[in-house]
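Have a look at the structure below before the remarks.
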Amino acid sequence: MLGPLLRGTICLLAVSIVLCTVGPRSDASGSAAGLSIDDDDYAEGGGGGSSSFSFSFTFPETRPRGLVFGFYDETCPDAEEIVSSAVRKLYHADPNVAAALVRLFFHDCFIHGCDASVLLDGAYGRRSERDAGPNQSLRGFDAIDAIKRRVETACPGTVSCADILALAARDSLVLVGGPTYPVLTGRRDSDQSFYYDVGGNIPAPNATYAMTLEAFARRGFTERETVALLGAHSIGKVRCRFFRDRIYNFAGTGAPDDSIDPDMVGEMRALCGGDGEGAAPMEMGYYRQGREVGFGAHYYAELLEGRGILRADQQLTAGSTVRWVRVYASGARGEEVFRDDFAHAMVKLSALSPLTGSAGQIRISCSKRVEDNS
């Protein structure tokens, strides 16, 4: 079990975000600090991509309800290391699992909060979130099941699937070069899945950026936080069917979307095949100097070059959001700001409407309610 001094040291080192508690079961409170940019330097049509930064600690205090640091210190002290070790093993077997777990976490938290409801199978005629259109391309369920089995072996009936998914998403991001950030724990699992709430609340891969911004705003995210979180698109893959119209017949014009760089259109068509139905998904991991790179702000630089794969990605370079794209694409300092913003936004995402205390349940199998296992 971590001692108070070691716990404090770890909290202070966690990407400049302080989310520490006095004890493993105390109420969580703390402040999250990060970088701020002078908006005037990046007003639409101005700045020209200037990289003038001002620093201030302006992020608001974060008080996720019922979540604490080190929730399992007494009941399952190795829980977080077991999850981390299992994620590393899965990643070395298949690096694509990292992006899959991150996307799975987003889709879970966007529907009634981070409660593992997306992991449930349909049962007894009930349809689950997994059956809804925007979730049918999700992957990573088997990976979460594998992690859960390892945790159950060490600590039966103790660690929630919701906490496992939150920890696995963070550990996955670190493995692909993303920032680390503190994950508070103490979530419990939903005893139901919300099939009918998925439509309209999860932005589809071919959604416009206005639809995407609106979906994030409904969850309390600012424009800046939304642009930062979309940086997760720097990793992973997407099927051609989600952007085929952009490279063959955009908006019924019979021509490609003219916001895409012509060379990029050729690359996308080559991967998708002549009919646009290509069997191989396109890498979301944008390219730099002819080689694939992992998580990072290079994604935003590619958008400024007209090389956004998804429609919503490319549209970030229009309207007020372009200022944040320019900030994040502005070299080493921009990368630093992006990583801090992304980490802060992930802490905020992780704290969306958790079930805690006596609410919900602790599932034995992440795909089944407790009562369905009997």
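Just so it is clear, the values below take in all heavy atoms, side chains as well, and ignore hydrogens, waters and symmetry mates. A quick note: this is a predicted structure, and the numbers were derived from the prediction, not measured.
- Judged by distance alone, the side chains of Arg269 and Tyr248 never bring a donor and an acceptor atom under 3.5 Å apart.
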Check the pair Ile111, Asn201 against side chain to side chain contact (heavy atoms under 4.5 Å, CB included), reporting the backbone distance first and the verdict last.
CA-CA 7 Å; Ile111 305 298; Asn201 287 312; 3.7 Å; yes

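- When hydrophobic clusters are built by joining Ile, Leu, Val, Met, Phe, Trp and Tyr residues whose side-chain heavy atoms come closer than 4.5 Å, directly or via intermediates, Phe105 is grouped together with Phe194.
- Asn135 contributes a side-chain N or O that, together with a main-chain N or O of Glu129, makes up a donor-acceptor pair within less than 3.5 Å.
- Of the candidates Lys237, Arg103, Arg241, Arg103 is the only one forming a side-chain hydrogen bond (donor to acceptor under 3.5 Å, both in side chains) with Ser137.
- Looking only at distances, a side-chain donor or acceptor of Ser193 sits under 3.5 Å from a matching main-chain atom of Ser117.
- The aromatic rings of Phe221 and Phe110 lie parallel to each other, their planes meeting at an angle below 30°, with 60° marking the opposite boundary.
- The hydrophobic cluster containing Val325 also contains Phe295, counting ILVMFWY residues as joined when their side-chain heavy atoms lie under 4.5 angstrom apart, directly or transitively.
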Give the intermediate values and the outcome of side chain to side chain contact (heavy atoms under 4.5 Å, CB included) for residues His112 and Ser190.
CA-CA 9 Å; His112 291 275; Ser190 175; over 6 Å; no

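- With rounding to the nearest 0.5 Å, the separation of CG in Asp189 from NZ in Lys368 is 14.0 Å.
- Note: Tyr300 and Phe338 have perpendicular aromatic rings, judged against thresholds of 30 and 60 degrees for the angle between ring planes.
- Proximity of Tyr209 to Leu230: side-chain heavy atoms (C-beta onward) are nowhere separated by under 4.5 Å.
- Once rounded to the nearest 0.5 Å, the distance linking NE2 of His107 with CD1 of Ile202 reads 5.0 Å.
- In this structure the side chain of Val347 reaches within 4.5 angstrom of the side chain of Pro182, judged on heavy atoms.
- A pairwise comparison of heavy atoms in Ala351 and Leu67 identifies CA-CD1, 4.3 Å as the closest pair.
- Within the 4.5 Å cutoff, the side chain of Ile362 has no heavy atoms near those of the Thr158 side chain.
- Thr153 places a side-chain N or O within donor-acceptor distance of the main-chain N or O of Arg149, the cut-off being under 3.5 Å.
- Here the closest heavy-atom approach between residue Gly294 and residue Ile235 is recorded as C-CG2, 4.0 Å.
- Put simply, the side chain of Asp340 never gets that close to the backbone of Val337: no donor and acceptor are under 3.5 Å apart.
- Hydrophobic clustering keeps Leu120 apart from Val159 (ILVMFWY residues linked when any side-chain heavy atoms are closer than 4.5 Å, directly or through intermediates).
- Hydrophobic clustering, with ILVMFWY side chains joined whenever heavy atoms are under 4.5 angstrom apart, groups Leu352 together with Val102.
- Expressed to the nearest 0.5 Å, how far CZ of Phe71 lies from OG1 of Thr356 amounts to 8.5 Å.
- With contacts defined as side-chain heavy-atom distances shorter than 4.5 Å, the pair Arg170/Leu167 qualifies.
- In summary, the side chains of Arg88 and Ser84 do present a donor paired with an acceptor at a separation below 3.5 Å, with no hydrogens or angles considered.
- A distance-only check finds a donor-acceptor pair linking the side chain of Ser234 to the backbone of Gly296 [under 3.5 Å].
- Phe141 and Val83 fall within the same hydrophobic cluster, where Ile, Leu, Val, Met, Phe, Trp and Tyr residues are linked whenever their side-chain heavy atoms come under 4.5 Å apart, directly or through other members.
- Residues Glu80 and Tyr72 have side chains not in contact (no heavy-atom distance under 4.5 Å, counting atoms from C-beta outward).
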In sequence, state the C-alpha distance, the side-chain angles, and the governing distance for Asp257 and Phe243, and then conclude on side chain to side chain contact (heavy atoms under 4.5 Å, CB included).
CA-CA 10 Å; Asp257 182 348; Phe243 58 79; over 6 Å; no

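- Considering every non-hydrogen atom in both Gln361 and Arg369, the closest pair reads OE1-CA, 3.4 Å.
- Of all heavy-atom pairs spanning Lys148 and Cys161, the tightest one is CE-SG, 3.9 Å.
- With respect to the salt-bridge test (charged N to carboxylate O, under 4.0 angstrom), the residues Glu152 and Arg363 do not qualify.
- Note that OG1 of Thr180 is 10.0 Å distant from CZ of Arg339, once rounded to the nearest 0.5 Å.
- Counted within 6.0 Å of CD on Glu305, heavy atoms from surrounding residues, nucleotides or ligands total 12 or fewer; the atom is thus considered open.
- Across all their heavy atoms, Ile82 and Ala154 have their closest contact at CD1-CB, 3.5 Å.
- For Thr253 (side chain) and Asn249 (main-chain N/O), no donor-acceptor pair under 3.5 Å exists by modelled atom type.
- Side-chain atoms of Asp261 come within 3.5 Å of backbone N or O of Met264 as a donor-acceptor pair.
- Interatomic distance, Thr208 OG1 to Leu310 CG, rounded to the nearest 0.5 Å: 12.0 Å.
- Side-chain N or O atoms of Arg188 include one that pairs as donor or acceptor with a backbone N or O of Gly357 at under 3.5 Å.
- The CG atom of Asp121 sits 11.0 Å away from atom SG of Cys366, with the distance rounded to the nearest 0.5 Å.
- Here the closest heavy-atom approach between residue Thr212 and residue Ala207 is recorded as OG1-CB, 4.1 Å.
- Although no hydrogens or angles enter the test, the distance criterion places a donor-acceptor pair under 3.5 Å between the side chain of Asp108 and the main chain of Asp115.
- Distance alone, capped at 3.5 Å, is enough to place a donor-acceptor pair between the Glu225 side chain and the Thr222 backbone.
- Side chains of Tyr91 and Asp171: a donor-acceptor N/O pair is absent below 3.5 angstrom, by distance only.
- Checking each of Glu267, Met268, Gln314 against Ile260 for a side-chain contact (heavy atoms from CB on, under 4.5 Å) leaves exactly one that passes, namely Met268.
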Report the C-alpha distance between Leu104 and Leu119 in whole Å, list the side-chain angles of each, state the deciding distance to 0.1 Å, and finish with yes or no for side chain to side chain contact (heavy atoms under 4.5 Å, CB included).
CA-CA 9 Å; Leu104 195 57; Leu119 303 177; 3.8 Å; yes

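- In this structure, a donor-acceptor pair under 3.5 Å is absent between the side chains of Arg187 and Ser350.
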